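Note that the structure is predicted; figures quoted are calculated from it, not measured. Indexing begins at 1, ligand by ligand and atom by atom, following the structure's order. These values consider heavy atoms only, across backbone and side chains, with no hydrogens, waters or symmetry-generated copies.
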Amino acid sequence: MRLVASRSPATRLAPVTQGTMSNKIESHLVEDRVFKPTKEFSAKARISSMAQYKKLWQESVDKPETFWAREAKELEWRAKWTKVLDWKAPDAKWFVGGKLNVCENCVDRHAKGSRRNKAAIIFEGEPGDRQVLTYAQLHREVCRFANVLLSKGVKSKDRVLVYMPMIPEAAIAMLACARIGAVHSVVFGGFSSESIVDRLEDSGATHVVTADGGWRRGKIVPLKENVDEALKKYNAIKSIVVFKRTGQDIAMKDGRDTWWHDEVAKVSAKHEAKAFDSEHPLFILYTSGSTGKPKGILHTSGGYLTGTYVTCKYVFDMQDDDVYWCTADVGWITGHSYIVYGPLAMGVTQVMYEGAPNQPDFGRFWQMIEEYGVSIFYTAPTAIRAFIKAGDHFPKKHDLSSLRLLGSVGEPINPEAWMWYHEKIGGGRCPIVDTWWQTETGAIMITPLPGCTPTKPGTATLPFFGVDAAILDETGQECKANEGGRLVIRKPWPSMTRAIYGDKARYKKTYWSDYKGMYTAGDGARRDKQGNFWIVGRLDDVLNVSGHRLGTAEVESALVGHPAVAESAVVGRPDDLKGQAVVAFVTLKAGITETPALQKELREHVGKVIGAIAKPDDLHFAPALPKTRSGKIMRRLLKELVTTGTVSGNTTTLEDFSVIANLQERIAGAK
Ligand code: WT7
């Protein structure tokens, strides 16, 4: 049965434009290379034929409660649910009445059983230091840190801000929060102190876990210093526990700041985990939207854990002897779902790496894959493109024969990158799972299953179990094959976000108001004749820079916050490495002179306000910005200008064409 969508007012939904990705769509349409998993791979996989996939998928959307209950039962529940799903769009409750402890599922379950002395995390720091934590050791460390948090007065549902480098203690801090029912809010270590302030204020956090610093390209990222800077503007923090990683001198405030190693030495390694409600909040993670303020995406316990566990089981087909490595940072959803919760719930052995992929050179990842015998490797297209540029001689130096499965996430993977990944890293034998999902979806939604799905370079292929994905036009009709439209999910799924923290109205408006009862992802997509989904990219004012979401409005508001700036407009342009690059147009206040020094200062300013990933790649001064007669900035024209060098699109609503002509000259001059 197909749900019938309400007709949305045409004014609210602008027509789907192909934007900067249009040339890629063309190449997608002619893509006819098909890659099937090898017989050897399929023979060992959980789902080994398309018939099996189709049957299970059909069941999962026809009778979601049957499918999800069967899967969720594989986890450890202290009390069984009375109802699988309670759905009053847009509010979902999964496994109603069920009780569990998420941390117990990820740690205790294995530490108590046959995986006791199995490596949970094999860590390598950027400087080359190593550490292995077995499940039993991880259990003790997590229990200790849970006791530390309790000793600081952290209570159930309190928000704890975690600002850590990519070290095992980041995962330990998150798991310890989950263990005592506290809500972690992890902030990516590359974000600035001002970003920390926003997140502290929005989440109302009372405690912080951080480190003195982390290693990145041989340099120290001054994490504690950034926290100190943030706390000049936020005074509700009662305690800061600081892990000693980089060893430089840092300020410690008496009565508030203490060292991790001193704290864990004082407490017991035993902690009895309590059970929490299935809908107990697990974490808040901030992501960019189309307004200036990042959204706090809230995830809860039972459904989220089920979603991440089940996708690890079927998409990565994790087996007990696998060595898995996801190169994301725990500061992003990929790190939450596919470093911490999913893989640990599966009890797999994983590799964790602190630093940059090119430290000391672009051979680092391949050397680590060889050394640890990595069998499943999950990374982002932007990294793959950087490796292609660095040269084949790096992977060639290493024995990559332990690999059996490759994954990609974060942005559409261009066919060239897919082919290189397949041949040079996968040796032509490893299936590639191109996984589409979002911070909000919590877990992978559209993806091949490695043992059965025929893949084509550039498509995330088919919906995962329980995912009723479709592409709709403005009127709510399903698009025909190869017609572009909006990607929606027509049924609730366990790991879906439950809220934008503290903003119910925004949650409803952002995700659930385009089509009645359906989730709008914000992505444009099309399906080919075989039903494969080709994701085109964001339809809103959100860029995808190196696989990370960045709101143009966020960058604009950072720029306008600078005393020299009157107005700004930010757009994306295609970039070979990053996917999209950030281009800013800036109108200065009267009397301020355009200088290269100011240009540099403004770029640095954005880095300081948001973080290095948001620094504009190009910054053009603009005497005026192109506007409609009613005064709206026409970003569409700026985007076309920076993408093609000219403007051929509709300019009839433009107030003054000379503005565009002027900018065109300036851009040409800047090259
Ligand atoms: C946006 C979500 C999901 C974890 C990392 C990013 C884009 C993500 C793919 C893919 C094409 C993709 C979408 C999506 N995206 N994966 N396999 N193919 N596009 O999470 O920061 O929440 O960003 O990333 O545009 O909406 P996020």
Side-chain angles (χ1 to χ4, degrees), residues 16 19-21 24-25 28 186 188 190-191 284-290 294-297 299 307-308 311 315 326-342 378-384 406-415 417-418 421 432-448 455-464 467 469 471 486-489 495-497 500 510-511 519-526 532-551 554 572 578-580 611 613-614:
V16 174
T20 55
M21 304 294 289
K24 284 184 186 150
I25 296 168
H28 283 170
V186 182
F188 171 55
F191 277 140
I284 302 168
L285 183 62
Y286 286 83
T287 187
S288 294
S290 47
K295 307 176 278 197
I297 301 301
H299 281 285
T308 53
T311 42
V315 179
C326 166
T327 67
D329 190 286
V330 289
W332 307 108
I333 191 69
T334 310
H336 283 58
S337 300
Y338 297 108
I339 293 177
V340 180
Y341 293 107
Y378 192 30
T379 197
T382 186
I384 298 168
L406 303 174
S408 170
V409 62
E411 58 181 306
I413 179 166
N414 44 310
W418 196 102
Y421 199 27
I432 297 178
V433 288
D434 173 1
T435 59
W436 177 88
W437 57 296
Q438 308 176 295
T439 305
E440 293 88 341
T441 69
I444 294 167
M445 301 293 278
I446 300 178
T447 177
T455 53
K456 292 184 199 177
T459 167
T461 72
L462 299 168
F464 183 68
V467 176
I471 295 164
R486 294 179 177 74
L487 178 58
V488 299
I489 314 293
S495 64
M496 64 190 256
T497 175
I500 293 178
T510 311
Y511 307 114
Y519 172 85
T520 314
D523 278 336
R526 64 185 65 234
N532 293 308
F533 285 79
W534 298 82
I535 312 295
V536 180
R538 303 288 309 184
L539 294 172
D540 48 13
D541 291 320
V542 173
L543 307 182
N544 191 321
V545 179
S546 303
H548 301 310
R549 237 202 269 185
L550 184 66
E554 255 176 276
K578 298 168 146 193
Q580 279 186 297
I613 55 163

- Tell me yes or no: between the side chains of Y378 and T435, is some donor less than 3.5 Å from an acceptor? yes

- Item | For ligand 1, the residues whose heavy atoms come within less than 4.0 Å (ordered by chain, then number) | I333, T334, V409, G410, E411, P412, D434, T435, W436, W437, Q438, T439, D523, I535, R538, N544, R549

- Query: Can you name the ring-ring contact (aromatic ring centres under 6.0 Å, His included) partners of H336, sequence neighbours left out?
  - Reply: H184, F283

- Query: Who passes side chain to side chain donor-acceptor pair (under 3.5 Å) against W418, sequence neighbours left out?
  - Reply: none

- Identify the heavy atoms of R526 and V536 that sit nearest to each other, and give their distance. NE-CG2, 4.4 Å

- Query: Do L539 and T520 have side chains that get closer than 4.5 Å, going by heavy atoms?
  - Reply: no

- Who pairs with Y286 by ring-ring contact (aromatic ring centres under 6.0 Å, His included), at least two apart in sequence or on another chain? none

